[in-house]
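When reading the values below, keep in mind they use all heavy atoms of this one structure, side chains included, and skip hydrogens, waters and symmetry mates. Since the structure is predicted, the reported quantities are computational estimates derived from the model, not experimental observations.
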Amino acid sequence: MKINRVSERTFTEYKKKAILKIESILDALDIPYIIKSQYMINILCPVHGSTDYSSSSIRLADGMWTCWSRSCNQEVGRNFIHLIEYCGS
């Protein structure tokens with residue numbers, strides 16, 4: 001299977017589009033979330049199956065996500081796009 005790599009510019013464009021539709025994407029992936037503010041969404045980390053909304057968050061300005069309780073983002077990748085890829089596989 002051949003993996004197509006995208007340029008950094010294309011990745012940035014995809015990321016911006018995904019952030020604009022983040023609620024729909026989280027719904028489609030069955031990832032529970034709460035809107036913390038206009039800058040942050042807290043999620044239940046799907047990597048380790050957290051039950052606490054404060055354990056994982058996505059920064060809306062740049063799509064960076066962090067799992068505060070188990071550092072799952074170090075395993076999967078720090079960007080929301082990496083989380084989509086992980087949950088969609």
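Looking only at atom types and distance, the side chain of Asp52 has no donor-acceptor partner in the side chain of Ser50 under 3.5 Å away. For Ser54 and Trp68, the side-chain atoms include no donor-acceptor pair closer than 3.5 Å.
Across every non-hydrogen atom of Tyr53 and Pro32, the tightest pair is OH-CB, 3.4 Å. The two residues Pro46 and Cys87 have their closest heavy-atom pair at CG-SG, 3.5 Å. Pairing each heavy atom of Leu44 with each of Thr51, the nearest pair is CD2-C, 3.6 Å. For the residue pair Trp65 and Phe80, the shortest heavy atom distance occurs at CD1-N, 3.8 Å. Of all non-hydrogen atoms in Ser37 and Leu60, the two that sit nearest each other are O-CD1, 4.3 Å.
In the displayed structure, Lys15 atom NZ is contacted under 6.0 Å by more than 12 heavy atoms of other residues, nucleotides or ligands.
Partners of Arg70 by side-chain hydrogen bond (donor to acceptor under 3.5 Å, both in side chains), not counting sequence neighbours: none found. In terms of the salt bridge (Lys or Arg N to Asp or Glu O under 4.0 Å) criterion, residue partners of Glu13 (sequence neighbours excluded) are, by chain and number, Arg9.
Under the 4.5 Å side-chain heavy-atom criterion for grouping Ile, Leu, Val, Met, Phe, Trp and Tyr, Leu29 is connected to Leu83 within one hydrophobic cluster. If you chain together hydrophobic residues whose side chains sit under 4.5 Å apart, Ile22 and Met40 never meet in one group. Hydrophobic cluster membership is shared by Ile58 and Tyr14, with clusters built from Ile, Leu, Val, Met, Phe, Trp and Tyr side chains linked at under 4.5 angstrom.
Distance alone, capped at 3.5 Å, is enough to place a donor-acceptor pair between the Asn73 side chain and the Cys67 backbone. Without hydrogens or angle criteria, Ser57 side chain to Ile41 main chain gives no donor-acceptor distance under 3.5 Å.
We find the CD-OG1 distance between Gln74 and Thr66 to be 9.5 Å, quoted to the nearest 0.5 Å. The distance from the CZ atom of Arg59 to the CE atom of Met64 is 6.0 Å, given to the nearest 0.5 Å. Summarising the geometry, atom SG belonging to Cys45 is positioned 8.5 Å from atom CD1 belonging to Ile31; distances are rounded to the nearest 0.5 Å.
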Q | Worked verdict on Ile81 versus Ile84 for side-chain contact (heavy atoms from CB on, under 4.5 Å) | A | CA-CA 5 Å; Ile81 298 294; Ile84 293 170; 4.2 Å; yes
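Contact annotation: the side chain of Asp62 never approaches that of Ile19 to less than 4.5 Å [non-hydrogen atoms, C-beta and beyond].
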